[in-house]
Amino acid sequence: MEVDLPNVPGQSILCTGESPPERYGSFNPNLDSIMPAKNIPSLKSVDELTLKEARAEHEALSTEIAEHDRRYYEEDAPTVSDAEYDTLRKRYEALEGMFPELKTSESLTQKVGSRASEKFAKIRHRVPMLSLANGFADEEVEEFVERIRRFLQWKADAPLVFTAEPKIDGLSLSLRYEKGKLVSAATRGDGAEGEDVTANARTVDDIPHVLKGSDIPDVFEVRGEVYLSHKDFAAINERQEAAGKPLFANPRNAAAGSLRQLDPKITASRPLCFFAYAWGEVSKMPADTQYGMMEALRGFGFTVNKLTRRCSSIAEMLEHYHEIETDRANLGYDIDGVVYKVDDLGLQQRLGFVSRSPRWALAHKFPAQKAVTVLEGIEINVGRTGSLNPIARLRPVTVGGVVVSNATLHNEDYIKGIGGNGEKIREGVDIRIGDTVIINRAGDVIPKVLDVVLEKRLDDAKPYEFPTQCPACGSHAVREVNPRTGKEDAVRRCTGGLICPAQARERLKHFVSRNAFDIEGMGEQRIDEFYEEGLVQRPQDIFTLAERNARSLKRLENREGWGATSVSNLFAAIEARRSIALNRFIFALGIPHIGETSARLLARHFHTFDALREAAKAAADPESEAHAELTAIGGIGPVVAETVVEFFKEEHNEEMLDALLAQVNVEPMEAPATLNSPVAGKTVVFTGSLEQMTREEAKAMAERLGAKVAGSVSKKTDIVVAGPGAGSKLAKAAEFGVQVMDEDGWFALVGRNGS
DNA sequence: ATCCCTCGAGTTCA
DNA sequence: CTCGAGGGAT
């Protein structure tokens, strides 16, 4: 058996030109983290065109768009993604905006029946649609309940009631009713913003157009799951087959496909069902428990799942879980687990959220489907940070309706059968090429090698030798030793740094990615090509591309598959990003350990890029004030500070920054919007034992109000909330003259529930 | 010194 | 979605 080490280890994922599926955003109350860059700045290159050029481009676009429209409407076979279509359309409109004489009666913008600029309009959820924490083992349910008891400081014998209901495997939908009438329906989308599928939702029998009953809140957002029964799924697939159309892999895909039909008539012909189980914005709550809400929903005319129960102990929860599991095959629709929720809505509110899921709910999933296949090879990809990432190449196998041919192997130790904190496969069992392996899809998504079938191991199978040289540049690849713990890092990294082409490409991909510069049309493939051809090798090259192209003989327009339009689209996308928010800019640099969150922390603290840069350079001396300032930022510790310092020390980076800053405008970050609360922007320290709330609750509450919560008192502290038994911190507060109050004082200041 | 949580950086397929 | 590691609390 041979190992195929690819020369070019970059990713092999296809770039469709469409932006990748939305990654989850952060669902903290402040949603700025997931907001796209503000308004798109003017398309600069349009106003540089002469009328003659504009006319030519306008005409070309007109033909192209008309053709896409025809394909879309008449053949139902579009050849471009919606995103690409939109770019064309926007450019077209921009041209007309600049040269109104182009706007004749022949213009596509003047004709009716033109395709809407996007398939579905977006709807912003007033209350984000969150995901649930999940677990597989019974113990995880116990931990979940324990965690809640601890958080609430609930005594062991104090009653705590949960609801338990099947977790439907469909699509989440949010329905908005105003004065009892259905006004809109939106898919979950990324949780913050979904697609408007109102017309389609109206065709679902289980979704009432008007709520029943008398005491109906003015605003009621009902959430639940759209799904297809097994019977209807089979019928739809029969019809698809008869019509020679591709079959749906599973009921969930079929339901998704049906709901996202542009023509509601098609949706109407698919017998979709809907279970209600949650809510978003509600002007007046009809009940104060989860179970009560379910009953209320039924009263309003919704279908709620019959298997919803109230449970008052872990034993009851598990019993109901196993009951549902036993019944699973007979339900007639797909479920993938059981959801537990704290019944009391007051307690739900107290429990609040951890990152992006509620602390008061857990999805207890059924064991994931497994499959057996053969490990045909191990490939090594090189990441942006130089990490050597092993990928299992598998003999293709179907797991849960999807064909899987790759899976991650995590790192060297995982292959060797040495477990870190996470699970190892099995004590002392390593993974070898040619092995028969068991895989599943973790959380039904990411394929993972679970175990090796040792009985089937080939006699000549040898332990896999993890490369100690970078497959891309040949540099040494090492596992650094963590100076604190004296332990080796789990990942082996290429030491090639700037000379490693794989790292350079990955850094570029990061730079243009959605949460960084977000340059549309700069996908994996295009970066790879441009890099290869020497057109774009460093971030700053992106912004001089158009200029160089204009001078060069080897023009982009002459490349195969490139027309004037694709080139002007790309340039327009680049121009649109010449101005960028500070936090995005910092994130885009790809400094190790600086992700979205830390980038925002730095942006908020320094306000301008120059300030950050100055501070980082001054912090080269670990004894300096600047160094202390860095580590004083909450969330930035010694390791992260050091990495930032190192980044700005590097001469190549200096050069890159100078070149880049000559090309782009980094918008200073304004001081965080002062929330309308008495503690907004203040730094609060809680000390002593708190009697009316737990520390965690206090912290969550203060942060909700826009305050920063610190652990120790300094001269930057604004308020110290001291309970009984407060000691040194109280003394410090006196020393610095910081305002001190007790819990009652705190509540008097901010109100009982923190609103 | 050790826990717990959050974050970053990697990952699949359609 | 997962892991490992950093940061902060204990």
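Computed from a predicted model, the values in this text were never measured in an experiment. Residue numbers start from 1 in every chain, and the chains themselves are labelled A, B, ... in the order their sequence lines are given, proteins ahead of strands.
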Distance, rounded to the nearest Å, where [X] contributes [atom1] and [N] contributes [atom2]:
X: A:Arg384; N: B:dT11; atom1: CZ; atom2: C1'; value: 14 Å
X: A:Arg507; N: B:dA9; atom1: CZ; atom2: P; value: 13 Å
X: A:Leu450; N: C:dC3; atom1: CG; atom2: P; value: 11 Å
X: A:Leu602; N: B:dG8; atom1: CG; atom2: C1'; value: 14 Å
X: A:Arg493; N: C:dG4; atom1: CZ; atom2: P; value: 13 Å
X: A:Asp413; N: C:dT2; atom1: CG; atom2: C1'; value: 16 Å
X: A:Ile636; N: B:dG8; atom1: CD1; atom2: C1'; value: 12 Å
X: A:Glu524; N: B:dC13; atom1: CD; atom2: C1'; value: 14 Å

Would you indicate, yes or no, if [N] has its OP1 or OP2 atom less than 4.0 angstrom from a side-chain nitrogen or oxygen of [X]?
X: A:Asn381; N: B:dT11; value: yes
X: A:Lys448; N: B:dT12; value: no
X: A:Thr385; N: B:dG10; value: yes
X: A:Asn389; N: B:dT11; value: yes
X: A:Ser598; N: B:dG8; value: yes

As a test of reading the structure: which of [options] is closest to the side chain of [X], going by heavy atoms?
X: A:Ala490; options: C:dA5, B:dT11, B:dA9; value: C:dA5
X: A:Val640; options: B:dT11, C:dG7, C:dG4; value: C:dG7
X: A:Val639; options: B:dA14, C:dG7, B:dT12; value: C:dG7
X: A:Val403; options: B:dA14, C:dG7, B:dT12; value: B:dA14
X: A:Asp489; options: C:dG7, C:dA5, B:dT11; value: C:dA5
X: A:Arg147; options: B:dC5, C:dG7, B:dA9; value: B:dC5
X: A:His410; options: B:dA14, C:dC3, B:dT11; value: C:dC3
X: A:His593; options: B:dC5, C:dG6, B:dT12; value: C:dG6

Using 30° and 60° as the class boundaries, would you call the ring planes of A:Phe585 and A:Phe517 parallel, tilted or perpendicular?
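Rings of A:Phe585 and A:Phe517: perpendicular, as their planes differ by over 60°.
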Can a donor-acceptor pair be found between the side chains of A:Thr385 and A:Arg493 at a distance below 3.5 Å?
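Checked: A:Thr385/A:Arg493 side chains pair up, N/O donor to acceptor below 3.5 Å.
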Please figure out whether A:Thr597 or A:Val404 has its closest DNA chain B nucleotide nearer the 5' end.
A:Thr597
Want to settle it: does A:Thr408 or A:Ile594 sit nearer the 5' end of DNA chain B, counting the closest nucleotide to each?
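The answer here is A:Ile594.
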side-chain contact (heavy atoms from CB on, under 4.5 Å) with A:Leu498: which residues, sequence neighbours excluded?
A:Arg507, A:Glu650, A:His652
Listed partners of A:Gln469 passing side-chain contact (heavy atoms from CB on, under 4.5 Å), at least two apart
none
Taking the ring centre of each residue, are A:Phe144 and A:His364 less than 6.0 Å apart?
no
Just so I know, are the side chains of A:Glu412 and A:Leu388 near enough to count as touching, which here means a heavy-atom distance under 4.5 Å?
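A:Glu412 vs A:Leu388: side chains apart.
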